[in-house]
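Structure first, then comments.
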Amino acid sequence: MKIFVLYKIFTASDFVYDLKKNIFKCKHSLQLFLTEFDFLAISKEVLELLSNDISIDIVISSINQRKSLRMVNLFNRIVQSGGSVYWNEDADLYQNEVHFMILDKTFVINKSDYYAGESPEEKIKYLTNLFDGFRLNAEEIKLKTGEISIKLEADQTFVTKNNYVNIIWKVENAHKVTINKIGDDDLEHQGEMELLIKEDTILRLEAENRENKLSKQLIIKVLKSSSVEISVEALDDEIGEYLMLKGSGSEKDNYYAFNMQKIRISWCIETMGNFSESILGQLPLEGEHEFFLTHKTNFRFNYESIYGTQKNSIVIIPVTEKKEELVDQQKESPSKFSLVKVFSRFRKKLRG
């Protein structure tokens, strides 16, 4: 008796919806070549199929090697239940949406019209061979277990306020790495970056794998100083943030900003004493003063303590170049534009 096999293939109008709608038609084998986002959307159905002794092979299509902890946990459950998972890094396949599901070698749901052959049988055979090639060239997921190793260092752990520290980390045998002061939910396992230190800081690196979780802390202390620390910032209307201005480095610091730009002067003194300014009068040991720059403005600060008397003179000079022209320059080449560089240019002009 001859068994008649019906081959069917179609391109989905809503890929995830059609996968969910048809996946339980599978009786023997399931092959998936799809993105991690599509996989997450149907992961519940895939896990349910595994409990029915269905043979499942999954190749994740991606543009990089980064895997979230949620993905790793799902891979672990699938592998433990008898399924196989592979990771295929190919930007062309990903961007052209060459993704599909094959049920029992007879039924295919395609995300895009990427197949060859005249009949449905030939097309499904072509996609099956294509899937096997992807799987052979992909990285098989082998979940990490056992002990985690962490290295976390800084080039200096005692710094003055508002200085940068270079942080270096290296983690082995983990799936996920995070550092509390760095805004990334999943860092590379090895790297370095500069971190601005404004106060005593505790860096906490956490690493996880399937069985273990390990953390390491690094404390960076801000040195107390008897000197007066004064910062001058200018508000950038384009980004809505204050940018630190750099002075001339002399006893009488000169700063440059746009005419009518909002300026913020802030200070912090960590020892006891009396702090004042010739116009503003008596001031707290920590505070700030804001104003709009309309003309050349001089500030003369005076601090008296048991260490003696310290005087600071700050001069803020309005830039004569039209702000509109510099805003246009910023729009044309934002990566090369910097208010700090602009004001540095004016310092050089005046010195010349």
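Numbers here are sequence positions counted from 1. Excluded from the calculations below are hydrogen atoms, water molecules and symmetry mates; all remaining heavy atoms, backbone and side chain alike, are included.
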Flag side-chain contact, heavy atom, 4.5 Å: [X] against [Y]:
X: I109; Y: L103; value: no
X: I316; Y: L245; value: no
X: V108; Y: K123; value: no
X: F131; Y: F100; value: yes
X: Y86; Y: F75; value: no
X: S119; Y: Y7; value: no
X: Q31; Y: D132; value: yes
X: N163; Y: I197; value: no

How close do [X] and [Y] get, heavy atom to heavy atom, and via which atoms?
X: D104; Y: H28; answer: OD1-N, 2.7 Å
X: L285; Y: G273; answer: CD2-O, 3.5 Å
X: K67; Y: V72; answer: CB-CG2, 4.1 Å
X: N209; Y: N212; answer: OD1-N, 2.7 Å
X: N274; Y: Q282; answer: CB-NE2, 3.7 Å
X: Y94; Y: S61; answer: CD1-O, 3.4 Å

(message) Distance check, rounded to the nearest 0.5 Å: F107 atom CZ versus N22 atom CG?
(response) 4.0 Å
Ignoring hydrogens and angles, tell me if any N or O in the side chain of [X] forms a donor-acceptor pair with the backbone of [Y] under 3.5 Å.
X: E277; Y: I279; value: yes
X: N88; Y: N137; value: no
X: W169; Y: T178; value: no
X: N302; Y: S276; value: no
X: T128; Y: Y126; value: no
X: K20; Y: A41; value: yes
X: N173; Y: E147; value: yes
X: E192; Y: I167; value: no
X: S81; Y: V79; value: no
X: Q261; Y: L235; value: yes

Where does the angle between the aromatic ring planes of [X] and [Y] fall among parallel (under 30°), tilted (30 to 60°) and perpendicular (over 60°)?
X: F299; Y: F291; value: tilted
X: H99; Y: F33; value: tilted
X: F275; Y: W267; value: tilted

(request) Among N96, T35, D38, D18, find the residue that satisfies the side chain to side chain donor-acceptor pair (under 3.5 Å) test when tested with K111. (result)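 The passing option is D38.
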(request) Could you point out which residue of R204, E208, E206 forms a side chain to side chain donor-acceptor pair (under 3.5 Å) with S215? (result)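 Exactly one option meets the side chain to side chain donor-acceptor pair (under 3.5 Å) with S215, and it is R204.
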(request) Identify whether the distance between the nearest side-chain nitrogen and carboxylate oxygen of E140 and R135 falls below 4.0 Å. (result) no
(message) Assess the residue pair T297 and I263 against the criterion (side chain to side chain contact (heavy atoms under 4.5 Å, CB included)); give the C-alpha distance rounded to whole Å, side-chain angles, the decisive distance to 0.1 Å, and a yes or no.
(response) CA-CA 11 Å; T297 306; I263 305 298; over 6 Å; no
Please say whether more than 12 non-hydrogen atoms of neighbouring residues, nucleotides or ligands are located less than 6.0 Å from [atom1] in [X].
X: I219; atom1: CD1; result: no
X: Y17; atom1: OH; result: no
X: D53; atom1: CG; result: no

(request) Using the side chain to side chain contact (heavy atoms under 4.5 Å, CB included) rule, take Y255 and E233 through it: C-alpha gap first, then chi angles, then the decisive distance, then the call. (result) CA-CA 10 Å; Y255 296 84; E233 300 168 287; over 6 Å; no
